[in-house]
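Heads up: the structure comes next, in structure tokens.
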Amino acid sequence: MLPSLSRREFVSGAAVLVSTAGLRLPVWARAAASVPAADQVLLGVDYYPDQTPESLWEEDARRITDVGFTNVRIAEFAWALMEPSEGKFEFAWLHRAVKILSQNNIAVILGTPSAAPPPWLSAKYSDIFEVNAQGQRLYPGGRRFTCPSNATYRRLSLTIASEMARAFADSPGVVGWQIDNELTLGSSLRCYCNACQTGFQAWLRARYHDLETINRTWGTVFWSQTYTDFTQIPVPLPSGGDPNPGLALDYDRYQSYANVSFQGEQLEMLRKVCPRHFITTNNVGLLDTIDMRDLYRDLDFVAFDNYPGFFEMLLHQQSSAPVPPDAISAMSAMGHDFARGAKGGKPFMIMEEQSGKAGQRSFGPQPEKGQVRLWTYQAIAHGGMGVNYFRWDTATSGAEEYWHGMLNHDRSNSPAFGEMQQTVRELKALGPELLYSKYVAESALVFDYDCSWAVQIQPGHFSLSYMPQVQSWYGAISPSHSGIDIVGPLSDLSPYKIVFAPLAYVVSEAQAAKIRSFVQGGGVLVTGFRLGAKTDTSQMVRTPLPGLLRDVMGVTIEDYVPIYSAKQGVRFSAGLAGADASCGIWADILQPAGAEVLGAYTNGAHSGKAAVTANKFGKGKAIYIGADLDAASLARVLQSLSGSAGVRQPFNVPRGVELTVRSAGGKQWIFLLNHTSDAQTMGNSKNFTDLLTRESMTGKIHLGAYAVRILQEA
Ligand code: GLA
Ligand code: ZN
């Protein structure tokens, strides 16, 4: 039976959590019991008792315990079993499952099931369906086909979640909640239905108060779009011409808000009914449809899903070019940094970590030996505090039969089963001190949802989009993905030596003020083309570019040039000495007004004009990279600027090896992760102990294929 683990054991962990991570885990902290530190961490698996014959539950629970797991997440797609017809609730089966799990010392995270409404609901309520950007209604039969604004869907989602909450508020073993599942991540990412139109109009009324302000702000006089009643305001569906950019940006903001407020209803209820449980949701980082900072603001911690092999398959689908191993590891690294950044650096949880071949209609690549362990450590290396693997068994029916879990279809152990078991043991031994420690970052990279949305609405060049630009800067800043925080436009920049803000197309007055004082106070800002071209209501700025930041940058944009057949290049001055760069998509032609020229254009009418500048402003420096530099030049330039700003890594690592640092209480943990299939060797001048193998190392450090080391100075 479960006298100890579950809530009470997690309660004791909360003291550590609260003090080191600042997590909000209310009552746990008060009822601290003395239990082994190893049990205070969230290391688990996503389990589907709803899809498993009850006769196997005991065996599953035993096997899950044998791995060493402390928790499972269950029930997030079990609406049809929990409410088989409207208003008729059946939780007896779930109580039995929770009881078996808790008797085996496995704590339970319950998922609210709103991502997959049952057929009776879809049949009865025909207005709940999402309408995609082409104006087509979605249909039942998959999942995530509903509208976040629809009052009926919201009411029914809240009802089932409330019934669940009441049923399990005091169940031994239940420790927390996941609300819904990957909000917005479906075949279409935003809804354009009538309920969303009405919701949008109400949201606009609250934001702008009157139509006069809306008409003026958006400039609706263009194309005769002056609104005389709120009900006339459309959503950006196909209309023979592109929508007003101000309206379109506000619509993306509304859709983000609608999903956050959909979640908010369940959150508010859960706080009341289950005050002792933690509450989170799961999402992915490289998806820009919801502002993650809003999504997680009132949740206890960030939970994310991570599928590197699935990314790899998608990259192969998109292009026949070989996929370099560090391209995949950089995507996951950035996803993890997003997760950490969404709640200001607090440790996060991976709610779903890939455990085998991940695919839907096609199988993705088989993880290589060591890779599943490596991916787990990558999450921890980037600030993770816990990991759940997806999923325990592999479904033998349904749309995800190909998505492999820890057990094969015949319930034998999967190829990576032993690795996961090993990793769980190791992480328990490393303990909460490491898992809840801080991630060390001296650099920040700005991710601004407004820029992402506004650039998607008007890319400026058909090849330009925000996420890939930010990703390429991320990969260029530190090829080892080390020590970068992903921050928002209004984040506190003072902890950083250097801040990178690529494609900062929309700049608000508040953001400009933050940047100005950061540079004034001694910070280094590196930004690029299209800086400040748009106001935060998505109008063109009426002053010379770069608009609000012209004084900080010490340049004026003389012209801006989308690049097609006329090629452009950049020659660097001594300060950034290196081979000439080619310039792919864009060239801002800079006229220095006090700034030093670090690179000039080489071709055509703009030959000799400034392309890269650095301006001393206050105690700091502001660098403008006006040209869209090729990848190698961008990496060279950004790393050179980081070095001059004083950013240092403990030692150098070869390509494909990641190095990150976490710290707590005066201790440091250095993570080394080899994402390549070759053994790697690196030199260092200190004495280290590897906490995983207890080896001590002086001089050279060897790292086998897909291997991990966690080093501490001896
Ligand atoms: C996502 C979802 C899961 C499952 C996996 C595998 O991350 O959250 O429900 O669908 O992907 O596809
Ligand atoms: Zn809708």
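What you see is a predicted model, and the numbers here were worked out from it, not measured in a lab. Counting starts at 1 for both ligands and their atoms, following the listed order.
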Closest non-hydrogen protein atom to atom 2 (C) of ligand 1, residue and atom name please, with distance? Glu352 OE1, 3.2 Å

Looking at side-chain heavy atoms only, is the closest gap between Leu156 and Trp79 below 4.5 Å? yes

Select one of side chain, backbone, both or neither to describe which atoms of [X] lie under 4.0 Å from any atom of ligand 1, heavy atoms only.
{"X": "Gln360", "result": "side chain"}
{"X": "Phe310", "result": "neither"}
{"X": "Arg143", "result": "side chain"}

Does atom [atom1] of [X] have more than 12 heavy-atom neighbours from other groups under 6.0 Å away?
{"X": "Tyr257", "atom1": "OH", "answer": "no"}
{"X": "Asn413", "atom1": "CG", "answer": "yes"}
{"X": "Glu54", "atom1": "CD", "answer": "yes"}

Taking atom types as modelled, is there a side-chain donor on [X] or [Y] under 3.5 Å from an acceptor on the other?
{"X": "Thr146", "Y": "Tyr153", "result": "yes"}
{"X": "Gln51", "Y": "Arg391", "result": "yes"}
{"X": "Tyr389", "Y": "Thr376", "result": "yes"}
{"X": "Asp288", "Y": "Ser452", "result": "yes"}
{"X": "Ser114", "Y": "Asp180", "result": "yes"}

Distance-only donor-acceptor pairs under 3.5 Å for side chains of residues 349-365, two or more places apart:
unit_1, atom_1, unit_2, atom_2, d
Glu352, OE1, Tyr307, OH, 2.6
Glu352, OE2, Arg73, NH1, 2.9
Glu352, OE2, Arg73, NH2, 3.2
Glu352, OE2, Asn282, ND2, 3.4
Glu353, OE1, Asn306, ND2, 3.3
Glu353, OE2, Asn306, ND2, 3.0
Gln354, OE1, Gly309, N, 2.8
Gln354, NE2, Gly356, O, 2.8
Ser355, OG, Phe390, O, 2.8
Ser355, OG, His404, O, 3.4
Lys357, NZ, Gln366, OE1, 2.6
Gln360, NE2, Glu400, OE2, 3.1

Does Tyr307 have a non-hydrogen atom less than 4.0 Å from ligand 1? yes

What I want to know is whether Glu400 and ligand 1 share at least one N or O pair that is separated by under 3.5 angstrom.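 Yes.
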
By number and element, which atoms of ligand 1 are closer than 4.0 Å to a non-hydrogen atom of [X]?
{"X": "Asn181", "value": "2 (C), 8 (O), 9 (O)"}
{"X": "Phe77", "value": "9 (O)"}
{"X": "Trp403", "value": "6 (C), 12 (O)"}
{"X": "Glu182", "value": "1 (C), 2 (C), 7 (O), 8 (O)"}

Distance below 2.8 Å from the Zn ion (ligand 2): protein N/O/S atoms: Cys147 SG, Cys191 SG, Cys193 SG, Cys196 SG

Cationic tip of Arg340 above Phe348 ring, under 6.0 Å, 45° of axis: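 Not satisfied by the 6.0 Å and 45° rule.
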
